[in-house]
Amino acid sequence: MTTLFISDLHLQPQKPAITQAFLQFMEARTHTIDALYILGDLFEAWIGDDFDNDFSHTVKSALTSVTKRGIPVFFIHGNRDFLIGEQFAAETGCQILSDPKRIDLYGTPTLLMHGDTLCTEDTAYLKFRQMVRNPLWQKELLSKSIQERLAIAQNLREVSKEKTGEKTEEIMDVTQTEVERVMAQHQVRRLIHGHTHRPQRHQLKINDAPAERIVLGDWGNSGWVLHVDSSHDELEQFKIG
Ligand code: LP5
Ligand code: MN
């Protein structure tokens with residue numbers, strides 16, 4: 001059987017074709033798999049599990065229908081949906097994993113990450129990340145009203161757009177030495193992550209042995225899914241819309 005990996009769908013009510021592609025993916029592609037891993041940024045923005053609307057309900061139902069069939073769905077937080085919490089997990093049956101997470105994938109130790117922490121030259125972002133991943137900051141934010149949280153999220157997006165416009169592409173990509181450090185630390189020869197929206201399979205060496213970094217793509221005009229089984233793997237791009 002196969003294990004599937006997706007990330008960076010950035011689901012949002014304003015982009016119904018991508019939501020539709022996700023719903024279809026969940027219905028058509030998850031019947032004969034061992035597990036589905038979602039490596040972050042499933043949502044464009046998530047302001048708390050207590051914010052429910054038709055859109056979030058639809059996405060959650062699609063997840064629930066898969067987990068109810070006994071297919072494990074694992075989730076790693078992204079920088080847009082780090083507020084997904086225990087309530088979401090309980091409602092959908094998804095299991096939230098730490099970042100990084102080392103798994104045994106058909107006998108091959110594999111490291112899973114969202115990918116943002118690999119961008120060590122983006123020091124402004126990492127400082128911001130440290131703030132928003134602090135449980136005390138999150139608790140305080142989650143105690144605010146939905147209206148306030150929506151306004152803060154919108155404000156953060158505007159600041160982020162402005163700041164990313166000022167950063168170079170190199171700063172916003174992974175740092176090779178950090179990739180090698182993390183892979184060596186966790187003793188893996190395979191790393192799978194998203195975040196950078198630069199789908200690619202990179203061959204590298206860890207302690208002189210061949211290794212691979214597989215970068216998942218974001219969903220837009222096309223979607224990306226990595227299939228891994230015991231004998232082969234494929235990073236597939238498919239058309240949306
Ligand atoms: O997201 P993307 O790809 O555009 O850019 C990311 C980094 N930006 C972010 C910020 C998010 O986009 C913000 C949206 C979050 C939505 C959910 C939030 C819910 C919480 C609030 C409601 C309860 O992750 C960007 C990286 C880029 O990836 C590439 O890796 O560079 O990093 C930044 O832009 C960060 C800036 O450099 C620093 C921003 C400092 C902002 C300080 C404002 C403090 C206001 C506090 C308000 C409470
Ligand atoms: Mn991201």
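Note that ligands are numbered from 1 as they come in the structure, with each ligand's atoms numbered from 1 the same way.
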Using a distance threshold of 2.8 Å, what protein N/O/S atoms lie below it relative to the Mn ion (ligand 2)? Asp41 OD2, Asn79 OD1, His114 NE2, His195 ND1
Taking distance alone, no hydrogens or angles, what donor-acceptor pairs closer than 3.5 Å link side-chain atoms of residues 45-54 to residues at least two apart or in another chain?
residue : atom : partner : partner atom : Å
Trp46   : NE1  : Asp49   : OD1          : 2.9
Asp49   : OD1  : Gly85   : N            : 3.2
Asp49   : OD2  : Gly85   : N            : 3.0
Asp49   : OD2  : Gln87   : N            : 3.3
Asp49   : OD2  : Phe88   : N            : 2.9
Asp50   : OD1  : Arg149  : NH1          : 2.9
Asp50   : OD2  : Arg149  : NH2          : 2.8
Asp52   : OD1  : Ser56   : OG           : 2.9
Asp52   : OD1  : Lys60   : NZ           : 3.4
Asn53   : OD1  : Phe55   : N            : 3.2
Asn53   : OD1  : Ser56   : N            : 2.8
Asn53   : OD1  : Ser56   : OG           : 3.1

Is the shortest side-chain N to carboxylate O distance from Arg80 to Asp8 below 4.0 Å? no
Any side chain to side chain donor-acceptor pair (under 3.5 Å) involving residues 131-146? Give me the pairs, sequence neighbours left out, ordered by first then second residue. Ser145-Glu148
Salt bridge between Lys161 and Glu158, side-chain N to carboxylate O under 4.0 Å? no
Do Glu162 and Arg157 meet the salt-bridge criterion of a basic N to acidic O distance under 4.0 Å? no
Check Glu212 with Arg189, please: is the shortest side-chain N to carboxylate O separation under 4.0 Å? no
Assess whether a salt bridge exists between Arg29 and Glu236, defined as any Lys/Arg side-chain N lying under 4.0 Å from an Asp/Glu carboxylate O. yes
What's the separation between atom CG in Leu42 and atom CD1 in Ile84, rounded to the nearest 0.5 Å? 6.0 Å
Would Asp218 and Arg198 pass as an ion pair if we require N to O under 4.0 Å? no
At less than 4.0 angstrom from any atom of ligand 1, which residues have a non-hydrogen atom? List them by chain and residue number. Ala45, Trp46, Asn79, Arg80, Leu83, Asp122, Ala124, Tyr125, Phe128, Trp137, Leu141, Arg149, Ile152, Leu156, Arg157, Val159, Ser160, Lys163, Thr164, Lys167, Met172, His195
